[in-house]
Amino acid sequence: MGYDDVITHLGEFGRYQKRIYYLLCLPAIVCAFHKLAGVFLLATPDTRCQLPHEDAATVQFASLPLDKWPLAYPLDSVTGKAKTCEYYDVAYSADYLNGTEPFTQNGTVACSAGFLYDQSKYLNSAVTEWNLVCGRGFMAATSDSLFMLGVLLGSFIFGQMSDKLGRKPTFFASLILQLIFGVLAAVAPEYFSYTISRMIVGATTSGVFLVAYVIALEMVGSSYRLFAGVAMQMFFSVGFMLTAAFAYFIHDWRWLQIALTLPGLLFVCYYWIIPESARWLLLKGRKDEAFVIIEKAAKENGVRIPSEIYEQLVEEVAEKKKQDELTADQPAATVFDLLRHPNLRRKTLLIFFDWFVNSGVYYGLSWNTNNLGGNQLLNFMISGAVEIPAYVLLLFTLNRWGRRSILCGTMLIAGVSLLLTIAVPSGKTWMIVACAMIGKLAITASYGTIYIFSAEQFPTVVRNVGLGASSMVARVGGILAPYLKLLGEIWQPLPLIICGALSLTAGLLSLLLPETLNKPMPETIEDGENFGKNQDPSLSAEGGSNQELKEMLNQS
């Protein structure tokens with residue numbers, strides 16, 4: 001007997017659950033706004049140094065025709081492009097610019113008068129306002145990197161708050177902080193305050209999205225949890241695409257940041273609609289509050305919960321408290337328990353590498369759309385749209401073809417498609433975009449698979465610890481991903497090649513992990529060590545099941 005039996009009597013996905021579930025899916029859209037906004041807030045347009053003879057009051061980027069650039073800017077032998085952060089130390093007379101006066105080599109001078117930006121694609125951005133180009137170009141990537149650091153810190157901070165204080169207060173605390181610092185980022189007077197505000201916003205995305213995700217999954221039946229989890233990710237993808245729509249209509253970066261933040265105000269009214277998780281209330285011994293929520297759900301779903309179920313729940317809560325008291329003095333499980341045994345250590349390190357690659361490649365591709373060539377907004381929109389079929393693929397195949405097959409296959413497809421950009425002829429931008437989007441679709445499916453596959457690999461006694469450590473390793477990949485954009489300035493396909501090589505390597509290494517579909521989950525450290533030793537799992541555990549896995553995923 002357990003809360004899942006209550007869900008069975010309520011209806012695994014009844015009218016009450018559907019209403020709350022779809023309301024909780026909507027905040028995922030706003031979280032996507034914030035996670036992907038940096039592509040446009042920190043967009044770097046074509047840039048050139050202002051020349052000494054140009055009047056700062058009237059000069060524009062296009063004032064110097066492209067055919068005159070070789071007279072002003074030296075050629076970079078590595079990239080084959082003009083080095084527009086410096087210019088030739090010559091007298092820029094009319095005769096010189098017309099070509100009638102011969103060129104005299106006097107060396108080059110670093111840019112000092114200022115920078116000129118191409119405003120044909122972006123009216124402005126934080127990059128153009130604070131001149132985050134040339135020697136300061138790394139600062140834009142660092143700002144995005146610190147945003148992802150915020151996501152890492154937020155998953156830890158708000159995860160602890162969610163377990164201690166409750167799902168509902170954590171969700172709304174995160175939401176209010178997101179609104180406040182989202183607006184502060186828009187009015188930030190300089191780079192430092194902007195970056196700190198965005199980092200805090202990054203932390204709140206964990207509190208808003210992950211807590212909403214947990215509340216949603218904790219109230220649906222086990223047979224619907226795969227659908228519920230994947231469908232919520234689709235709402236994130238919708239937010240991905242809508243970010244491009246906002247950027248299409250709003251060309252000033254400050255107003256864009258405000259526009260992407262204010263929709264969060266709509267979710268403040270959820271305070272009177274969204275209940276606390278009844279599962280969490282029971283876990284904390286607050287049975288009366290939990291029963292009120294269960295009765296409300298039963299009334300809306302048109303069912304009646306037998307009184308004996310409530311009695312059994314009360315007994316279970318009391319029994320769990322006794323067990324917690326007995327185990328209170330025992331040392332808590334740590335990630336080091338996963339690394340002490342050779343087979344378990346090997347699997348753990350492989351899983352960590354898969355998480356690192358999935359996160360790094362996913363965000364590396366998402367943030368690199370401006371460097372692919374062609375229409376940047378269209379590239380971004382397609383990058384979000386391809387996630388939908390990726391998630392649909394998981395719904396139809398994950399419980400049929402096996403976790404390892406899907407994980408390995410999608411990562412290999414991502415790796416091969418991205419590496420093929422090496423062979424794309426110069427000027428065939430559409431081919432580079434096509435390869436990148438196939439890679440994005442595949443890595444999205446892989447990212448969706450690694451969650452459940454990892455949980456099925458870790459023993460029950462350290463499952464939450466293993467998933468938490470995996471998530472932290474994934475955030476490291478996300479923190480490093482923004483710097484891939486800088487490599488694209490050296491050679492356009494370079495970020496795609498790096499992502500492809502990592503995906504291909506991780507996909508092949510995933511074959512070393514045992515399949516988990518329809519296999520009992522390891523319960524103890526010993527089970528975890530024996531599981532998959534000879535690719536023929538034989539576990540002593542008899543109670544493992546996919547239903548238990550999904551419950552553990554909810555608790556994490």
Drop me the distance from [X]'s [atom1] to [Y]'s [atom2], to the nearest 0.5 angstrom.
| X | Y | atom1 | atom2 | answer |
| --- | --- | --- | --- | --- |
| Leu338 | Leu349 | CG | CG | 9.5 Å |
| Ile351 | Leu509 | CD1 | CG | 12.5 Å |
| Met232 | Leu217 | CE | CG | 7.0 Å |

CZ of Phe291: more than 12 outside heavy atoms within 6.0 angstrom?
yes
Short side-chain to backbone donor-acceptor contact, [X] and [Y], under 3.5 Å:
| X | Y | result |
| --- | --- | --- |
| Gln17 | Val220 | no |
| Arg346 | Leu513 | no |
| Arg404 | Pro514 | no |
| Ser197 | Ser193 | yes |
| Arg403 | Thr516 | no |
| Glu276 | Arg167 | yes |
| Lys284 | Asp163 | yes |
| Arg463 | Glu456 | no |
| Asn343 | Phe531 | yes |
| Thr449 | Leu407 | no |

If you take all heavy atoms of [X] and [Y], which pair is closest and at what distance?
| X | Y | answer |
| --- | --- | --- |
| Leu179 | Thr261 | CD2-O, 3.4 Å |
| Asn358 | Asp354 | ND2-O, 2.7 Å |
| Ser223 | Glu12 | OG-OE1, 2.5 Å |
| Gly528 | Pro459 | CA-CG, 3.8 Å |
| Leu26 | Phe235 | CD2-CE2, 4.1 Å |
| Ser143 | Tyr194 | OG-CE2, 3.4 Å |

Under the side chain to side chain contact (heavy atoms under 4.5 Å, CB included) rule, what do Met437 and Ser383 come out as? Steps first, then yes or no, please.
CA-CA 6 Å; Met437 295 310 151; Ser383 183; 3.9 Å; yes
Angle between ring planes, Tyr363 versus Trp367, binned at 30° and 60°: parallel, tilted or perpendicular?
tilted
Validation row: [X], [Y] side chains within 4.5 angstrom (heavy atoms):
| X | Y | value |
| --- | --- | --- |
| Phe240 | Ser366 | yes |
| Leu210 | Phe158 | no |
| Leu393 | Phe396 | no |
| Met234 | Leu395 | yes |
| Pro522 | Phe458 | no |
| Tyr310 | Ile294 | yes |
| Leu480 | Ser145 | no |
| Arg475 | Val151 | yes |

So, are Lys440 and Glu387 salt-bridged, with charged N and O less than 4.0 Å apart?
yes
Using a strict 4.0 Å threshold on nitrogen-to-oxygen distance, state whether Arg19 and Glu300 make a salt bridge.
yes
Taking the six-membered ring of Tyr271 (Phe, Tyr or Trp), confirm whether the NZ or CZ of Lys168 is under 6.0 Å from its centre and within 45° of its axis.
yes
Between Phe40 and the options Phe380, Trp253, Phe246, Tyr248, the ring-ring contact (aromatic ring centres under 6.0 Å, His included) test singles out Phe380
Run the side chain to side chain contact (heavy atoms under 4.5 Å, CB included) check on Met219 and Leu10 step by step: do they pass?
CA-CA 10 Å; Met219 66 181 185; Leu10 281 177; over 6 Å; no
Is it true that the side chains of Tyr16 and Lys299 contain a donor and an acceptor less than 3.5 Å apart?
no
State whether a side-chain donor-acceptor pair under 3.5 Å links Trp355 with Ser454.
yes
Decide yes or no on side chain to side chain contact (heavy atoms under 4.5 Å, CB included) for Phe13 and Tyr21, but give the supporting numbers first.
CA-CA 9 Å; Phe13 201 39; Tyr21 171 77; 3.8 Å; yes
With side chain to side chain contact (heavy atoms under 4.5 Å, CB included) as the test, would you mind laying out the steps for Leu350 and Ser510 before giving the verdict?
CA-CA 7 Å; Leu350 287 172; Ser510 296; over 6 Å; no
